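Only this structure's heavy atoms are used, side chains among them; waters, hydrogens and symmetry mates stay out. All values derive from a computational prediction rather than experimental measurement. Quick note: residue numbers are just sequence positions, from 1.
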Amino acid sequence: MATQNNLPPHVEKAGTARSVKMEAERLAADPRVSDYDFWRSLRNVDNRIFEISAKGQPIPFDMVRWRAILKQARSRRGYA
């Protein structure tokens, strides 16, 4: 499986914004993931980010990325 680090030179690497969009599209189209699953997951991530920031700790970039993915996927399904 090709990763961004071992792609041939003629294949452009996907930037963070593009990878967020692609992952959100994939999740939004997946019928196994319910609207409730999106809502619950987004709420869990938001709560965890709040807990971390309340302690004055740095927020992991992956958490911010997954929050963006979940928000976009949920939005694609028609929820804000």
Side-chain angles (χ1 to χ4, degrees):
M1 180 174 149
T3 65
Q4 289 193 17
N5 294 329
N6 64 3
L7 290 175
H10 65 278
V11 177
E12 184 179 326
K13 291 183 178 183
T16 301
R18 186 168 166 206
S19 68
V20 167
K21 181 181 176 186
M22 289 172 22
E23 190 67 24
E25 288 173 354
R26 187 186 67 77
L27 281 175
D30 191 341
R32 297 172 297 176
V33 182
S34 71
D35 295 335
Y36 177 78
D37 292 334
F38 282 122
W39 176 81
R40 184 76 253 168
S41 297
L42 182 57
R43 181 146 176 145
N44 288 343
V45 170
D46 280 340
N47 287 343
R48 185 68 183 123
I49 288 173
F50 176 79
E51 290 171 8
I52 292 170
S53 66
K55 293 178 184 177
Q57 298 173 340
I59 299 168
F61 183 75
D62 282 344
M63 291 187 101
V64 175
R65 181 178 177 273
W66 273 107
R67 180 171 62 178
I69 290 169
L70 291 169
K71 282 183 176 183
Q72 283 189 27
R74 195 163 183 248
S75 175
R76 289 184 184 283
R77 287 217 179 157
Y79 297 93

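The CG atom of D30 sits 13.5 Å away from the CD atom of E25 when rounded to the nearest 0.5 Å. I69 CD1 to R26 CZ: the interatomic distance, rounded to the nearest 0.5 Å, is 9.0 Å.
For the pair P60 and R65, the minimum side-chain heavy-atom distance is 4.5 Å or more. Within the 4.5 Å cutoff, the side chain of M63 has heavy atoms near those of the I52 side chain. Using a 4.5 Å heavy-atom cutoff, the side chains of Q72 and R67 are not in contact.
Hydrophobic clustering keeps W39 apart from V45 (ILVMFWY residues linked when any side-chain heavy atoms are closer than 4.5 Å, directly or through intermediates). Cluster annotation: V64 is connected to L42 through the hydrophobic network of ILVMFWY side chains, with a link wherever side-chain heavy atoms come within less than 4.5 Å. Both W66 and I59 sit in one connected hydrophobic cluster of ILVMFWY residues. Membership requires side-chain heavy atoms under 4.5 Å apart, directly or through other members.
A distance-only check finds no donor-acceptor pair linking the side chain of S41 to the backbone of F38 [under 3.5 Å].
The minimum heavy-atom distance linking A24 with A73 is given by the pair O-CB, 3.5 Å.
Contacts of R77 classified as salt bridge (charged side-chain N to carboxylate O under 4.0 Å, His left out), with partners at least two apart in sequence or in another chain: D35. Residues that satisfy the salt bridge (charged side-chain N to carboxylate O under 4.0 Å, His left out) test with D37, not counting sequence neighbours, are absent from this structure. Residues meeting the side-chain hydrogen bond (donor to acceptor under 3.5 Å, both in side chains) test with R40, sequence neighbours left out: N44.
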